[in-house]
Number of protein chains: 2
Amino acid sequence: MSSTDDLQANARIRGAAMDLFGKQGIRATTVRQIAQAAGVSPGLVIHHFGSKDGLRRACDEWMMAQITATKTAAVSGGGAMEAVFRAQNQFRPFYGYIAASISEGGEGADRLFEAMRRLTRDMFDVGVPAGILREPSDIDAMSTVLVALTLGATMLEGQLARHLGGEHLLDPEVMPRYSITATELFTYGIFADDTMLRQIQAAFAKPPPDGL
Amino acid sequence: MSSTDDLQANARIRGAAMDLFGKQGIRATTVRQIAQAAGVSPGLVIHHFGSKDGLRRACDEWMMAQITATKTAAVSGGGAMEAVFRAQNQFRPFYGYIAASISEGGEGADRLFEAMRRLTRDMFDVGVPAGILREPSDIDAMSTVLVALTLGATMLEGQLARHLGGEHLLDPEVMPRYSITATELFTYGIFADDTMLRQIQAAFAKPPPDGL
DNA sequence: GTCTATATAATGATAGAC
DNA sequence: GTCTATCATTATATAGAC
């Protein structure tokens with residue numbers, strides 16, 4: 001019982017921390033706020049995790065465990081592409097925390113970004129042979145850029161949602177408009193043809209004629 | 001002379017603030033750090049701007065002035081599309097600050113995001129008739145999403161650059177790979193065809209069959 | 001395990017000399 | 001205009017009772 005209660009308080013504190021870290025940023029979130037949200041005293045938070053940074057590390061490790069566990073399940077199960085998409089959606093509630101943790105740096109940030117990049121790369125490895133995704137010319141770079149764009153947009157969720165007619169990305173007025181627009185962008189791009197792409201490829205292929 | 005020196009110190013402080021705000025975030029940056037970077041005492045920073053928040057407001061206002069000034073120049077000058085692209089590039093060094101200011105909220109954040117969104121929308125208004133850009137089905141949503149994606153990626157510059165083989169986005173090893181990949185994404189998208197787009201459009205067009 | 005103090009460090013802001 | 005010294009506030013972390 002006591003060990004069960006312990007685990008519950010532990011999990012409640014971690015959950016509250018990930019929620020607030022994701023919404024306000026890690027530095028902007030105080031131990032007192034976390035304690036209040038979890039319904040415990042500030043002292044208990046430190047008692048369990050040693051320090052605020054220890055709590056943050058615990059959040060990173062929990063998140064990593066979720067990602068690796070899901071990846072294993074996705075690979076072993078049937079319907080590979082659906083599983084990969086499901087994995088992406090499954091983590092959307094945590095995008096806020098992931099983005100905050102990565103953007104504020106620290107030890108776990110690199111591993112967390114790498115895990116997300118791997119997840120996205122797996123999506124290409126499965127989706128290209130399946131005929132769902134086109135093959136990027138630089139699959140590692142494309143995975144990296146996609147993760148940065150997706151996580152980055154999460155950090156600006158408030159502005160995004162406000163301009164799309166709501167408060168949060170998951171609001172019923174906002175979500176359709178965002179999903180359709182993002183999918184349209186990832187289907188057709190924004191350029192009418194490949195003129196710009198060839199210009200940029202050419203510009204970087206040879207040493208520039210003059211400065212810059 | 002004295003007034004000239006005053007302006008110089010003022011500008012130096014503001015410049016140091018925008019640099020550090022952009023790199024570390026506003027909350028994470030201390031008045032002492034800004035003072036040291038600008039080569040002045042912490043007291044002088046407060047003396048000139050009243051408070052840390054006053055300094056931040058001054059940065060927002062300076063940034064807004066730059067954007068509006070450039071917009072005017074771009075519209076009045078010839079070669080509209082080139083001017084718009086030039087405007088986008090001109091602000092890249094400040095993307096870090098813009099993203100930080102917007103993501104940490106406050107008074108100026110909304111105006112700043114709106115200014116960037118207008119700038120991007122103008123790009124479509126000029127680029128679509130010119131045959132350079134395809135017409136999005138929801139041009140306001142597309143402008144908003146593009147700004148969020150672009151600014152958001154800036155916040156993760158460190159990770160982006162690290163995976164692309166360098167330290168900063170502007171490094172000579174990193175920039176070509178990033179530019180080409182991003183342009184490829186914005187030219188071809190990632191999907192092989194419009195299957196996914198039609199699925200999502202259909203899913204949101206009618207009330208979902210069951211929960212969610 | 002959990003709470004209530006309390007100690008300590010860092011930060012934004014002020015006051016007054018030059 | 002600029003600096004040094006200081007204050008007041010806030011936040012993390014500790015200590016000890018229950």
Side-chain angles (χ1 to χ4, degrees), chain A residues 1-60 62 97 100-101 104-108, chain B residues 1-62 97 100-101 104-109:
Chain A
M1 324 264 179
S2 70
S3 74
T4 300
D5 290 347
D6 176 31
L7 279 175
Q8 283 180 352
N10 230 291
R12 229 173 39 241
I13 293 171
R14 180 168 30 71
M18 292 189 67
D19 183 49
L20 289 171
F21 284 162
K23 282 179 184 160
Q24 309 179 340
I26 294 171
R27 181 148 190 154
T29 300
T30 69
V31 173
R32 289 169 219 278
Q33 288 174 324
I34 296 169
Q36 189 180 0
V40 299
S41 72
L44 190 62
V45 175
I46 301 294
H47 173 74
H48 274 307
F49 297 94
S51 67
K52 181 183 176 180
D53 197 61
L55 172 55
R56 183 257 175 92
R57 270 197 297 273
C59 292
D60 280 342
W62 182 87
Y97 174 75
S101 179
E104 301 200 23
E107 295 180 15
Chain B
M1 327 252 178
S2 69
S3 74
T4 300
D5 291 347
D6 176 31
L7 278 175
Q8 284 181 351
N10 229 293
R12 226 171 44 240
I13 292 171
R14 181 169 29 72
M18 292 190 66
D19 184 48
L20 289 171
F21 284 161
K23 282 179 184 161
Q24 310 179 340
I26 295 171
R27 181 153 189 147
T29 301
T30 69
V31 173
R32 287 168 169 81
Q33 287 176 324
I34 295 169
Q36 187 180 0
V40 300
S41 72
L44 190 63
V45 175
I46 302 293
H47 173 74
H48 274 307
F49 297 94
S51 66
K52 181 184 176 181
D53 197 62
L55 172 56
R56 184 256 174 94
R57 270 197 297 273
C59 293
D60 281 341
E61 277 160 27
W62 183 87
Y97 173 75
S101 179
E104 301 200 24
E107 294 180 16

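Naming convention: chains lettered A, B, ... in sequence-line order (proteins, then strands); numbering from 1 in each chain.
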- [ ] Could you check how far CZ of B/R27 sits from P of D/dT10, rounded to whole Å?
- [x] 11 Å
Open item on the list: Output the pairing pattern of DNA chain D as a dot-bracket string, 5' first, Watson-Crick or G-U wobble with both distances under 3.5 Å, | for cross-strand pairs, [ ] for crossing pairs.
Closed with: ||||||||||||||||||
Open item on the list: Applying side-chain contact (heavy atoms from CB on, under 4.5 Å), can you list everything that pairs with A/A38, at least two apart in sequence or on another chain?
Closed with: A/I13, A/A16, A/V40
Got a list of side-chain donor-acceptor pairs under 3.5 Å for residues 29-36 of chain B, not counting sequence neighbours?
residue	atom	partner	partner atom	Å
B/T29	OG1	B/L20	O	3.3
B/T29	OG1	B/Q24	OE1	3.2
B/T29	OG1	B/G25	O	2.7
B/T30	OG1	B/Q33	N	3.1
B/Q33	OE1	B/T30	N	3.0

Open item on the list: So if I take every side-chain heavy atom of B/T30 and compare against C/dG12, D/dG1, C/dT2, which nucleotide ends up nearest?
Closed with: C/dG12
Open item on the list: Between C1' on C/dT2 and CZ on A/F49, what's the gap in Å once rounded to a whole number?
Closed with: 14 Å
Task: Minimal non-hydrogen separation, A/A17 against A/L55, with atom names - done: CB-CD2, 3.7 Å
Open item on the list: Applying side chain to side chain donor-acceptor pair (under 3.5 Å), can you list everything that pairs with B/D19, at least two apart in sequence or on another chain?
Closed with: B/K23
- [ ] Could you check which residues of residues 33-41 of chain B get a heavy atom under 4.0 Å from DNA chain C? Sort them by number, please.
- [x] none
Could you run down the sub-3.5 Å N/O contacts of the protein with nucleotides 13-18 of chain C?
residue	atom	partner	partner atom	Å
C/dA13	OP2	B/K52	N	2.6

Open item on the list: Can you tell me how far apart CG (A/N10) and CZ (A/R12) are? Round to the nearest 0.5 Å.
Closed with: 10.0 Å
Task: Taking every non-hydrogen atom, the tightest pair across B/F21 and B/A100 - done: O-CB, 3.5 Å
Open item on the list: Once salt bridge (charged side-chain N to carboxylate O under 4.0 Å, His left out) is applied, do any residues pair with B/R14, and if so which ones, sequence neighbours excluded?
Closed with: none
- [ ] Would you mind listing every salt bridge (charged side-chain N to carboxylate O under 4.0 Å, His left out) that reaches into residues 48-58 of chain A, with sequence neighbours excluded?
- [x] A/D53-A/R57, A/R56-A/D60
Open item on the list: Among residues 13-23 of chain B, which ones have heavy-atom contacts with DNA chain C below 4.0 Å?
Closed with: none
